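Okay, so here's the structure we're looking at.
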Amino acid sequence: AQSVTQPDIHITVSEGASLELRCNYSYGATPYLFWYVQSPGQGLQLLLKYFSGDTLVQGIKGFEAEFKRSQSSFNLRKPSVHWSDAAEYFCAVGAESSGDKLTFGTGTRLAVRP
Amino acid sequence: EAGVVQSPRYKIIEKKQPVAFWCNPISGHNTLYWYRQNLGQGPELLIRYENEEAVDDSQLPKDRFSAERLKGVDSTLKIQPAELGDSAVYLCASSLGQHEQYFGPGTRLTVT
């Protein structure tokens with residue numbers, strides 16, 4: 001069964017600082033990996049996705065993520081955080097063999113200090 | 001292009017009452033998902049439809065939950081009777097079957 005671990009429940013960074021959110025997954029084959037962002041009272045918005053190919057993927061809002069098979073990780077990064085980035089971030093894993101069922105991590109809540 | 005539409009956005013009911021949620025997916029999306037998101041958790045899949053067929057309902061508590069997707073477009077998720085533990089956000093998502101799912105804003109259910 002596939003699973004996702006986001007080890008950081010809360011992270012606080014200063015505006016303009018760099019950000020890295022951790023995600024580790026468990027899956028036997030090559031998974032599909034996603035990062036979603038959820039603002040309060042809103043649904044989930046897709047930031048970026050990895051299916052195959054280049055292991056460094058670029059997303060919206062200046063985010064990027066790197067797939068590292070050897071570490072079973074798909075960490076999300078941003079070089080300079082903006083106050084509007086404060087939200088909850090979810091990593092998810094899916095696979096064609098499971099009908100694209102997404103398994104989500106428990107999320108990381110990001111706070112941004114002025 | 002309109003996104004996934006859900007209604008109502010908020011619902012407060014007393015336990016043992018019935019409740020229904022409605023979802024209108026993105027036009028042309030043949031796959032529709034219902035997720036439940038408990039407070040402080042990630043979404044968990046309840047049911048997945050391919051057109052009008054429920055192809056994965058293994059996580060749906062069938063004693064009280066039901067869902068339908070008539071004509072392979074809109075979908076309704078029902079709970080009858082509701083329990084206190086059903087308080088959560090119910091999210092609908094749709095896709096073209098190419099892995100990327102688009103989520104609606106969700107319905108926040110509070111059972112008192």
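In what follows, chains carry the letters A, B, and so on, assigned in the order in which the sequence lines appear, proteins first and then strands, with residues in each chain numbered from 1. Small disclaimer: the values here were computed from a predicted structure and weren't measured.
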The interface call for B:Gln37 against chain A, heavy-atom contacts under 4.5 Å, is side chain

| said: Within the supplied structure, the quantity of interest is the number of heavy atoms (other residues, nucleotides, ligands) at a distance under 6.0 Å from B:Trp22 CH2; does it exceed 12? | reply: yes

Heavy-atom neighbours of B:Lys62 NZ exceed 12 at 6.0 Å: yes

If you tally heavy-atom pairs under 4.5 Å between each of A:Gly107, A:Ala92, A:Gly43 and chain B, the highest tally belongs to A:Gly43

Counting heavy-atom pairs under 4.5 angstrom with chain A, the leader among B:Tyr35, B:Tyr10, B:Tyr102 is B:Tyr35

Looking only at B:Gly104, B:Cys92, B:Pro43, B:Gly40, the option with the highest number of non-hydrogen pairs under 4.5 Å against chain A is B:Pro43

dist B:Phe103:CZ -> A:Tyr36:OH (nearest 0.5 Å) comes out at 5.0 Å

So CZ of A:Phe34 and CD of B:Glu100: to nearest 0.5 Å the spacing works out to 7.0 Å

If hydrophobic clusters are built from ILVMFWY residues whose side chains come within less than 4.5 Å, do [X] and [Y] share one?
| X | Y | value |
| --- | --- | --- |
| B:Ile26 | B:Tyr90 | no |
| B:Val89 | B:Ile79 | no |
| A:Val81 | A:Ile9 | no |
| B:Leu109 | B:Leu39 | no |
| B:Leu60 | B:Val19 | yes |

So, the part of A:Gln38 with a heavy atom under 4.5 Å from chain B: the answer is side chain

Turns out that what part of A:Leu46 lies under 4.5 Å from chain B's heavy atoms comes down to side chain

Could you walk me through whether A:Leu102 and B:Leu45 pass the side-chain contact (heavy atoms from CB on, under 4.5 Å) test, one step at a time?
CA-CA 7 Å; A:Leu102 289 183; B:Leu45 181 69; over 6 Å; no

